[in-house]
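Take a look at the structure below.
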Amino acid sequence: MEDKHLSEQEAIRREALNELRALGIDPYPAGSFPVNTTTTEILENFNPKKENFSDVSLAGRIMTRRIMGNASFAEIQDEKGRIQIYVRRDDICTGEDKTMYNTVFKKLLDIGDIIGVRGFVFVTKMGETSIHVKELVLLSKSLRPLPVVKEKEGKVYDSFSDPDQRYRQRYLDLIVNPHVKEVFIKRTGIINSIRGFLDAREYLEVETPVLQPLYGGAAAKPFTTYHNKLDTRLYLRIANELYLKRLIVGGFEGVYEFSKDFRNEGMSRFHNPEFTMVELYVAYRDYIWMMDLVEEMLEKVAVDVQGTTEVRVDDKVISFKRPWKRYTMYEVIEEYTGFEISQMDEQQLFSVAGDLGVEVDKTMGKGKIIDEIFGKKCEPYLVQPTFITDYPLEMSPLARKHRSKPGLVERFELIVNGKELCNAFSELNDPLDQRERFIQQLKLGERGDEEAMVLDEDFLKALEFGMPPTAGLGIGIDRLVMIMTNSASIQEVIFFPQMRPLKKEKEDDNAQFTALGIPEEWVDVIRKMGYTTVESFKNNKPGKLHNELCGYNKKNKLGLQNPSPEEVKKWLEN
RNA sequence: GAAUCAGUAGCUCAGCUGGUAGAGCACAUCCCUUUUAAGGAUGGGGUCCUGAGUUCGAUCCUCAGCUGAUUCACCA
């Protein structure tokens, strides 16, 4: 059935595949093809005087081809980069039989095929380091044409740039857009850097459940799923906080986890339904201490992946060099709006919001209004790494109350480039206070807040056994990677971002058509006329169809024997 | 969820005031013994996103839908 929809180019490649087989060449050979160098290694280290790289073995994908009479140039691309290869007829065909060059290389290979070559490195007259090929092996035949992106003097032609196609077919994006690969290499570098930092301090990397009977640790809507054997609903985690704290209760003094979290919310260039966080919990520490750790860790990350503390984002330079600015929530609001709100009650805050043109409504409590003012009037302007500390209690049900400021909690967020990057607090370890906070959340939930947390009795039980004072931290890895790689959207830093499913066109197979008595050769025609289902086909008057069929046959000079009107009528009746 | 823009060949894009479509690359055939987004000649390739409407006639105008992008909103 697939074969019916092949483009001309695809058909030609399949034909080439058959011809290769006929020549006794396996287009998908078994066995390894050991490589002894890489493209960049050659380009960086080849020295004609030293005559090094005199026997290289290299494999990769054919990206360009320029065929002459009996000598050709092509470029092959491996994981590291591209290099030109020079293929001469009499080198790869040492005997009388020139099939390998004339037929196989020139006609049956295509851009996109994966080949292995052996030969020596030299410099062409044009001054380009190339491989003079002595032996060439097809390793994998490509059946679909690759988007061909060309480049000259830094200028890119015919770039493969449609985001939809790039994300849906990321492998193509990776093949033809080399800078994309860089982003993901950096992503792994960032994660490794963080892991190295935390391991050096002997915190234990752990794993906690993705499938949870109760979700918690964040304010978000979950995905739900179902376990058949247990006959119970499960949730995909929105955070791993409550499990990591149970481990602190259990006696570990420093645990962390890189976790995929899932939130059933809107998608945007800053939100993907599944995203990666690293969460860290350290016993006998508080949020002040945690701020220092974050500074040190992210400075190290910047240096590890960039070689410098300066990161260029759009037209700005962001410096991760310590120390960073620290404001309390009230201070930063005063700095950016001129209003000193620390002593204000809900009514006063409401009018301040009005003066500032910040939209608020009656349902919002004090904490929510403050958060709204901060989000609109301060956060977007905080480009350099800045810590904001001491948040309103209402918004932080898992953070401990501030040791000296009533109504606040010991919490900080790190803002970089106008976006929240980390969230941390001195963890609430008073089980009775925690129960009270959960109850408050339940009330919010009853009022219709879909993101309110649920009461986790099992977690409370753990706290009741006693949890040491603990500092906790969460960092959004995707957003960190966005900053470190100057990426405009989260989709650029996730290999396979969530995409709306493509609408599948319903299609019946040939057997369903032939069952009506339609001859095989006409099924094709019917399909091409746009009737892909039996239903859509039968939903016509016989006269009209008969007309259309004959017309199509004539117009496209198919030379088929036209069916009679009676036959068509019969098809529809079957 | 809202506004704006877009959807035409495998890829990147043109297409005037409505008259059934073009270019470059890719592909095919041929020419050329080291080219540089190779060059030259010839050729094949299209459900102009889908569906209605207006019209003698729609890729183009109108409406609805689908998909995407951007900005905003929502969202730790």
Side-chain angles (χ1 to χ4, degrees), chain A residues 6-13 15-16 63-75 84-90 106-107 110-112 122-128 130 132 142-169 172 176 217-221 238-239 241 261 263-273 275 277 359 371 374-376 379 388 391 395-396 398 411 413-415 419-425 450-451 474-476 479 488-489 491 499-503 505 527-532 555:
Chain A
L6 292 182
S7 70
E8 187 193 24
Q9 290 191 44
E10 289 170 300
I12 288 167
R13 286 180 181 225
E15 190 47 43
M63 299 305 289
T64 67
R65 266 189 339 155
R66 298 182 287 278
I67 293 180
M68 326 277 159
N70 63 17
S72 301
F73 288 88
E75 276 181 301
Q84 176 168 274
I85 62 171
Y86 172 57
V87 181
R88 202 164 61 181
R89 186 188 63 201
D90 298 335
K106 278 169 71 172
K107 294 195 200 298
D110 290 289
I111 287 175
F122 75 114
V123 177
T124 64
K125 283 184 189 168
M126 296 299 293
E128 180 158 345
S130 309
H132 190 128
S142 166
L143 294 181
R144 287 176 184 261
L146 215 54
V148 177
V149 178
K150 299 204 168 178
E151 193 192 328
K152 191 187 189 184
E153 286 154 11
K155 219 177 145 191
V156 178
Y157 299 80
D158 298 334
S159 66
F160 181 68
S161 57
D162 178 35
D164 191 43
Q165 287 190 61
R166 287 182 46 227
Y167 304 151
R168 286 187 199 276
Q169 292 176 278
L172 287 183
V176 303
K221 286 176 249 178
I238 57 173
E241 170 153 357
D261 292 336
R263 298 189 183 174
N264 207 340
E265 294 164 350
M267 290 160 57
S268 75
R269 72 191 174 100
F270 290 105
H271 300 86
N272 194 61
F275 62 100
M277 292 238 290
E359 272 182 53
D371 192 56
F374 171 73
K376 286 292 184 308
E379 196 176 43
I388 305 298
Y391 280 65
M395 319 215 48
S396 315
L398 300 168
R411 170 179 173 182
E413 287 192 356
L414 172 66
I415 312 296
K419 281 276 161 195
E420 175 199 338
L421 201 62
C422 310
N423 186 16
F425 23 87
E450 287 181 290
E451 291 170 353
I475 300 180
R479 290 188 187 173
S489 75
Q491 287 79 19
M499 304 292 283
R500 190 180 295 273
L502 289 172
K503 215 173 54 173
E505 212 168 290
R527 251 182 227 293
K528 287 207 173 111
M529 284 165 60
Y531 302 111
T532 53
K555 188 178 165 196

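Keep in mind that what you see is a predicted model, and the values were worked out from it rather than measured.
Contact annotation for A:Arg166: no contact, since no heavy-atom pair falls under 4.0 Å across all strands. At the heavy-atom level, A:Thr124 lies under 4.0 Å from base atoms of the strands shown. When heavy atoms are screened at a 4.0 angstrom cut-off, A:Arg13 is found touching no nucleic acid atom at all. Contact annotation for A:Glu265: backbone-only contact, meaning every heavy-atom pair under 4.0 Å involves sugar-phosphate atoms and none involves a base. Looking at heavy-atom distances under 4.0 Å, A:Arg263 makes contact with sugar-phosphate atoms alone, never a base. Within 4.0 Å of A:Glu75, counting heavy atoms only, lies no atom of the nucleic acid at all.
Residue A:Ile12 contributes atom CD1, which lies 13 Å from atom P of B:G44 at whole-angstrom precision. B:C74 atom P lies 20 Å from atom CG of A:Asn272, rounded to whole Å. What separates CD of A:Gln9 from P of B:G45 is a distance of 13 Å, to the nearest Å. A:Glu8 places its CD atom 10 Å from the P atom of B:G44, with the value rounded to the nearest Å.
When all heavy atoms of A:Ala239 and A:Ala218 are compared, the closest pair comes out as CB-CB, 4.1 Å.
Residues A:Met267 and A:Ile67 each lie close to RNA chain B; by heavy-atom proximity, the contact nearer the 5' end of the strand is made by A:Ile67. Annotation: of the two residues near RNA chain B, A:Ala71 and A:Pro145, the 5′-most nearest-nucleotide partner is A:Pro145.
For B:A14, there is no paired base (Watson-Crick or G-U wobble, both distances below 3.5 Å). When both distances must be under 3.5 Å, the Watson-Crick or G-U wobble mate of B:A41 is B:U29. Searching all strands for a Watson-Crick or G-U wobble partner of B:G57 with both distances below 3.5 Å returns nothing. In a base pair of the Watson-Crick type (N1 to N3 plus N6-O4 or O6-N4) or a G-U wobble (N1-O2 and O6-N3), with each distance short of 3.5 Å, B:U35 is matched with no nucleotide. Base pairing analysis places B:A2 opposite B:U71; the two distances defining the Watson-Crick or G-U wobble pair are each below 3.5 Å.
Look at the C1' atom in both B:G44 and B:U70: the space between them is 38 Å, to the nearest Å. Between B:C48 and B:C60, the two P atoms lie 10 Å apart (nearest whole Å).
Phosphate contact (OP1/OP2 of B:A26, side-chain N/O of A:Arg65, threshold under 4.0 Å): absent. Taking 4.0 angstrom as the limit, A:Arg66 places none of its side-chain polar atoms (N or O) nearer than this to OP1 or OP2 of B:U34.
Not a single donor-acceptor contact under 3.5 angstrom links the side-chain atoms of A:Ser161 to the base of B:U12.
Under a 3.5 Å cut-off, the side chain of A:Arg263 and the backbone N or O of A:Ile238 do form a donor-acceptor pair.
Ring geometry, A:Tyr86 versus A:His132: the interplanar angle exceeds 60°, so the pair is classed perpendicular (tilted spans 30 to 60°).
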